[in-house]
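What follows is a set of notes on a single structure, which appears directly below.
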Amino acid sequence: MDSQTSQASQASPSPHTFQVDLRGLVDLLSHHLYSSPKVYLRELLQNAVDAITARRAGQPGAPATVRLYAEGGTLRVEDSGVGLTETDVHDLLATIGRSSKRAEGIQEVRSDFLGQFGIGLLACFVVAERIRVVSRSARTPDAAPVEWTASDDGSYTVRTLAPEARPEPGTTVHLTARAGAGEWLAPEQVLRLARDFGALLPYDVRVNGEAVTDLPAPWDRSYPSPAGRRVALARHCHDLFGFTPLDSIELNVPLAGVRGVAYVLPSAVSPAQRATHRVHLKGMLLTERAEQLLPDWAFFVRCVLDTDSLRPTASREALYEDETLAAVREALGERVRSWLTGLAAGDPERLAAFLSVHHLGVKALARHDAEMLRTMLPWLPFETTDGQLSLEEFARRHPVVHFTRTVEEFRQVAPIASAQGIGVVNGGYTYDGDLVQALPSVRPGTAVAELDADTVTAHLDAVDPAEELALAGFLAAARATLDPLGCDVVLRAFHPLTVPALHLDDRAARHEQARADAEAQADDLWAGILGSLRGTAPRARLVLNHLNPLIRRISSLRGPELIGTATESLYGQALLMAQRPLRPADSALLNRAFIGLLEWATNGEEGH
């Protein structure tokens, strides 16, 4: 091309318009597709890295550099990639928003790359009012450099330049900030974002001369000792997530193209809390909030990893749920499981420290994994009548492992059962009841039985019939007092002597009481419906301890009013000892009994 032709080409740019509504597209990108304007820099880095990857596919020794220069509301990104011809620019932009076979073909060609040049470049309009691209193709060395200039009003121009405008193959992107978005192009912001997104990229990336890439990744580096590795990874976790982990777990799944590390949280978290992880795709940070990367039971770890096999969603800010992700999730879960079994076999102190914080997560795993339950039997803590024990130790002490299904039931029966020599496990906590019931499957010969109010009552000694008959008047008055509350009164003899009364019920009795309470407060229609649901469940029982000195003194009272006050006081005290939530009627009873006792004591003083 002679100088006159070159000047004519530069002087007469040909106008074109996008084949989409650019303003609508930018609104879609900024408000619906991307979570933050910061992703513009990721798109620029992706374009640069893809261009270098494409060039090196045919020229393995080609330079691999990305340089970013930020200053005064502008940003310049230079790469040594494959570059573009004028035809390439038109073809790439023509694919935006289309679903044709031509577009699908380009998608297939570019499937090994991180992003798509056209949509990625237009995403920069989220922060820029003008984009200027100067590119020279490495595949067509004789082709002149091409300049593409676009504005946020939806127009763009393309023109060829003189060879000296871009002597080497590659692409330079110039951004000019839109009003109110200058902060996103500030040098310190660009450096921070570039390091966040591109620290693991395989090429040399720099911002205003400062290095961005930091390879090899911390989990791929060599360390002088296992202890040194743990210290270095703990430092990396603190810098990345803000906490110092209890331990780190290597996540190396070559067949799935995954390398990384899982950090064990130093404090307990709720199983309902969604664990989020950092995922890099071929070195580029894809998301900091990846979910469903590990099985639900592994909520006690936070992961950072790099993968070349998982598929991103359209926004490239999350992972696409498919068979590959399911296989990776299973493989990563197996790594965490292997770490646990390794601790159980060789490092019980670290395992104990871990379980003191995260036993709930391991119980969640053991609930569905018999081998894990068998491995963790000597270690997992359970609340029992013998204190905090493992199921293995508890089963050795007791021929029958009794358990309750709720915490309230355990609070009711634990003191009495312990005094009777009955071992009970509190199965009311998350997963505990299921694990106790699974015990015989991993420990053959173990007997497991649910302990309910009837079983406890059956273990209490009956009172001599003659003595109980002598107290018939007292018992009748006591039963009349508690009958409106749906509670019976029985007399038994049991240890410990210090317990004057025991409140016993079961889930069926509680359900019946709740139905009766609702019926009492309902209108005629609902009362009729609830009344038709009335069951035959046993009522709650207040078991009075005939061996307790206080009960012996109270049973000698003669006045019905004083017996009623004393009975209400015993009932309220038994509820409090069982740590049962109080209904409004129970609270009113406690208040009434307290006032009645004060009045009785005051009258007694005055009479004296």
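Residue numbers start at 1 and run along the sequence shown.
- No more than 12 heavy-atom neighbours from other residues, nucleotides or ligands sit within 6.0 angstrom of CD on E561.
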Could you walk me through whether C303 and L332 pass the side chain to side chain contact (heavy atoms under 4.5 Å, CB included) test, one step at a time? CA-CA 10 Å; C303 298; L332 296 182; 5.6 Å; no
Check the pair H546, D461 against side chain to side chain contact (heavy atoms under 4.5 Å, CB included), reporting the backbone distance first and the verdict last. CA-CA 10 Å; H546 189 54; D461 294 333; over 6 Å; no
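- Residue E467 qualifies as enclosed at atom CD: its count of foreign heavy atoms under 6.0 Å is above 12.
- Contact annotation: the side chain of E450 approaches that of F403 to within less than 4.5 Å [non-hydrogen atoms, C-beta and beyond].
- Taking a cutoff of 4.0 Å between a charged side-chain nitrogen and a carboxylate oxygen, R302 and E288 do not qualify as a salt bridge.
- Residues meeting the side chain to side chain donor-acceptor pair (under 3.5 Å) test with R192, sequence neighbours left out: Q189.
- The stretch residues 476-488 participates, sequence neighbours left out, in these side chain to side chain donor-acceptor pair (under 3.5 Å) pairs: D483-R539, D488-R539.
- Applying side chain to side chain contact (heavy atoms under 4.5 Å, CB included) to H402 and the options V424, V425, V436 leaves one that passes, V424.
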Please report the C-alpha distance between F354 and W339 in whole Å, then the side-chain angles of each, then the deciding distance to 0.1 Å, and finally whether the ring pair (Phe, Tyr, Trp, His ring centres under 6.0 Å) criterion is met. CA-CA 12 Å; F354 165 76; W339 170 78; 5.1 Å; yes
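- Shown here are the side chain to side chain donor-acceptor pair (under 3.5 Å) partners of R397, two or more places apart in sequence or in another chain: E393.
- Counted within 6.0 Å of NE2 on H495, heavy atoms from surrounding residues, nucleotides or ligands total 12 or fewer; the atom is thus considered open.
- Using a 4.5 Å heavy-atom threshold, the side chains of V304 and Y263 count as touching.
- Scored by the side chain to side chain contact (heavy atoms under 4.5 Å, CB included) test, L460 finds I416, Q420, R492, F494, V543 as partners (sequence neighbours excluded).
- Here D464 pairs with nothing under the side chain to side chain donor-acceptor pair (under 3.5 Å) rule; sequence neighbours left out.
- Aromatic ring pairs are classed by plane angle as parallel below 30°, tilted from 30° to 60° and perpendicular above 60°; the pair W219 and H236 is perpendicular.
- Here the options are D220, L200, V253, L305, the test is side chain to side chain contact (heavy atoms under 4.5 Å, CB included), and the partner is R259; only D220 passes.
- Applying the side chain to side chain donor-acceptor pair (under 3.5 Å) test to S309 and every residue at least two apart in sequence or in another chain returns T307.
- Within 6.0 Å of atom OH in Y223, more than 12 heavy atoms from other residues, nucleotides or ligands are found, so the atom counts as buried in its surroundings.
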Please lay out, stage by stage, how L293 and L325 fare under the test side chain to side chain contact (heavy atoms under 4.5 Å, CB included). CA-CA 7 Å; L293 187 63; L325 179 57; 4.2 Å; yes
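- Across K363, Q437, H359, a single residue satisfies side chain to side chain donor-acceptor pair (under 3.5 Å) together with D432, and that is K363.
- L294 places none of its side-chain heavy atoms less than 4.5 Å from the side chain of F300.
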